Amino acid sequence: GCADSFPSFFAFMLFQKNNFLKAASHENGISRRLFLGYAAALYSIPTIGQTANIKHRMKFASNPFSLGVASGDSNSTSTVLWTRLAPEPLDPNGGMPNLAVPVKWRVSTDDNMKNIVASGQQLATPQLGHSVHVTVGQLKPDNWYWYQFSVNGEESVVGRTRTMPKKFASPEQMSFAFASCQSLEQGYFTAYDSMAQDELDLVFHLGDYIYEYTAGNQGTIRKHHGKEIESLSDYRVRHAQYKMDPLLQKMHARCPWFVTWDDHELDNNCADDISEQKNVKPVDFLIRRAAAYQAYYENMPLRRTSIPSGPSMQLYRKGSFGQLAEFTVLDGRQYRSNQPNNDVRSPINEAALNPGSTMLGREQRNWLKQSLIQSRGTWNIIAQQVMMGMVGTSNNKNSMNYSMDQWPGYTHERMDLLRFMEDRKISNPVVLTGDIHSNWANELRTDDRKMETPTVAAEFVGTSIASGGDGQDRIKNQDKLISDNPFIKFHNRQRGYVKCTLTQKTWTTDYMVADKVTTPDGKITKRTSLVLENGSSTIQQA
Ligand code: FE
Ligand code: CA
């Protein structure tokens, strides 16, 4: 039978939340640790649900695979296959009944799905938005595979994925793209159409996969559904709306992705339990965060280790492509302390230099350093959110202002990291960045204001897929920007994506830009190609 456990589950959670908030105010506030414990129990996701009776073949209003398929977080023997059943994607329940539904999956070595090497069945439960995350193991290293889902005779498209080479393998070449910031109200995802024609081993998504704002807040190219998202079903519907984009689906089906969030997957410029809006209590913001994180997990090809526990979710992780490259994927939002100087562009003053401020949190910072020391990779990729280059703009007080939401707001931790990479002679650190809807290539120093000191790492900042609209090649004050910040080797403000090709000897970065994204017929061309030689962080023109 079709029990009503789903609505009553949420009624129960709401009841618990109100009780908890009452208790919290009665206790005159409550410790953060205690709250996280409460919230984790409150939002714990039950995994047992009613299962659909397969004898009564469920009739869907339309193909339930409307959000496409994806894979991600591959290592040398396994990968994660993802889909989510949503015959009516903009419905809060995706048009699905309150039942767990068994979904079949199979993996093949050919694109006709003839030579099946793995198959199985997994329950898509209403508790996890009818998402499916299959961890397929015992695969061959350095191999391409195809996969497909089916339910009640309905089939998904066939996706393609791959495993990474073995840890000690020495692959000749690796190619990947990175992307960020895809406000669908501001443009079309033309970049993904071009990316899908590249032969790529993987994709990094560096955040702002969705935007949280109310419909029409950002533009009218395409319109967000509903008001600013706050509840679990709000976040689910917003993710579904983005996932409906055919070009995004096309690229997800091409190769494995390694995703991380920035701020807009939750709330603009958020930091840990602090909302952008000044009047929001941390307790309330953590409840919103639990909803945002759960919807994020449900909609991404992430491993089970990333299943959220209330407002906490393990997103930072690492991977490798044999000994050619190792990569860390960072979470710069969940553990960060509040932006200094009220998050207003400021000089690097005492607040920005505060040794207690952190973007990564102590645990993640230690893990990152440990990972870099242990790495066997020729190239050490740090895939993360915000710009590390200390880009200053002159203010009228004869000094420079810096973004407090980016790494300059956390200068102490930033310099500590760069100094660490220099002291420990980390092999070819390369930072990948999104967030600011523009292309940059920066040579990083421990202190970028001291050009006489040695470069330690290279940073490639990739522009947005769509956020910001068509953009422009050069800005008005471009020459002044570069002369004020001579470590910048390239800057451009068009939309697009970045493609990187690595060999043992060289790293090549291709900046792919769109002439326009405000109409669907934009053209992508290579704007410039930059090169690093193994052993040097000097950025050269190809
Ligand atoms: Fe953005
Ligand atoms: Ca951002």
Side-chain angles (χ1 to χ4, degrees), residues 177-192 203-214 217-219 221-222 224 228-229 235 238-239 241-242 245 248 259-272 274-277 285 288-289 292-293 296 300 315-316 329-339 343-345 359-360 382-389 391 402-410 431-440 459-472 491-498 513-514 517-518:
F178 63 98
S180 63
C181 296
Q182 47 194 40
S183 171
L184 60 76
E185 291 199 334
Q186 296 185 327
Y188 291 93
F189 296 175
T190 312
Y192 285 128
V203 169
F204 291 110
H205 198 288
L206 305 178
D208 293 356
Y209 190 100
I210 60 165
Y211 281 77
E212 80 280 22
Y213 300 116
T214 190
N217 172 289
Q218 297 215 280
I221 300 295
R222 298 180 284 177
H224 282 143
E228 174 151 344
I229 51 178
Y235 280 101
R238 189 60 60 89
H239 273 284
Q241 196 184 358
Y242 275 78
D245 184 279
L248 179 62
V259 300
T260 186
W261 53 43
D262 192 25
D263 50 343
H264 291 287
E265 284 84 351
L266 169 52
D267 183 30
N268 181 46
N269 282 18
C270 56
D272 190 359
I274 301 153
S275 163
E276 181 193 23
Q277 291 80 27
F285 193 62
R288 181 177 178 187
R289 191 171 100 175
Y293 283 10
Y296 187 80
M300 297 294 159
L315 193 59
Y316 66 83
V329 182
L330 306 188
D331 175 354
R333 290 288 167 188
Q334 189 173 181
Y335 315 103
R336 74 153 81 187
S337 50
N338 204 4
Q339 291 90 346
D343 205 357
V344 175
R345 286 185 75 83
M359 188 175 302
L360 302 179
I382 302 173
Q384 53 96 54
Q385 292 77 18
V386 296
M387 190 150 72
M388 221 173 252
V391 175
Y402 298 83
S403 164
M404 294 294 108
D405 187 58
Q406 295 167 20
W407 279 97
Y410 305 81
V431 177
L432 307 181
T433 303
D435 178 48
I436 41 174
H437 316 166
S438 43
N439 288 312
W440 309 70
E459 176 178 43
F460 298 110
V461 182
T463 191
S464 57
I465 292 288
S467 303
D470 290 338
Q472 69 217 91
H491 179 56
N492 160 283
R493 295 203 186 175
Q494 285 170 294
R495 305 290 82 87
Y497 68 101
V498 182
V513 299
V517 294
T518 49

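Note that ligands are numbered from 1 as they come in the structure, with each ligand's atoms numbered from 1 the same way. Note that the structure is a prediction, hence the values are computed from the model and not measured. Side-chain atoms are counted along with the backbone in the values below, which use heavy atoms only and exclude waters and symmetry mates.
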Problem set entry | salt_bridge(R289, D267) N-O dist < 4.0 Å | no
For this session: Report the residue from H239, H224, H264 that forms a ring pair (Phe, Tyr, Trp, His ring centres under 6.0 Å) with Y211.
Result: H264
Exercise. Can you tell me if Y211 has an N, O or S atom under 2.8 Å away from the Fe ion (ligand 1)?
Worked result: yes
For this session: For the Fe ion (ligand 1), decide whether H264 has an N, O or S atom at a distance under 2.8 Å.
Result: no
For this session: Measuring from the Fe ion (ligand 1), name the closest N, O or S atom belonging to H437.
Result: NE2
Exercise. Under a 4.0 Å N-O cut-off, is there an ion pair linking R336 with D263?
Worked result: no
Seminar exercise, completed: By side chain to side chain donor-acceptor pair (under 3.5 Å), E228 pairs with (sequence neighbours left out) R288
For this session: Look at the N, O or S atoms of D435, main chain and side chain alike, and state whether any lies under 2.8 Å from the Fe ion (ligand 1).
Result: no
Exercise. Can a donor-acceptor pair be found between the side chains of W407 and E459 at a distance below 3.5 Å?
Worked result: no
Exercise. W440 vs H491 aromatic rings, parallel, tilted or perpendicular, using cut-offs 30° and 60°?
Worked result: tilted
For this session: Answer yes or no: is there an ion pair linking D262 with R333, defined by an N-O contact shorter than 4.0 Å?
Result: yes
Exercise. Nearest heavy-atom pair of L360 and D331: which atoms, and what distance?
Worked result: CD2-O, 4.3 Å
Problem set entry | Considering only N, O or S atoms of D208, the one closest to the Fe ion (ligand 1) | OD2
Exercise. What protein N, O or S atoms come within a distance below 3.0 Å of the Ca ion (ligand 2), ordered by chain and number?
Worked result: D208 OD2, D262 OD2, D263 OD1, D435 OD1
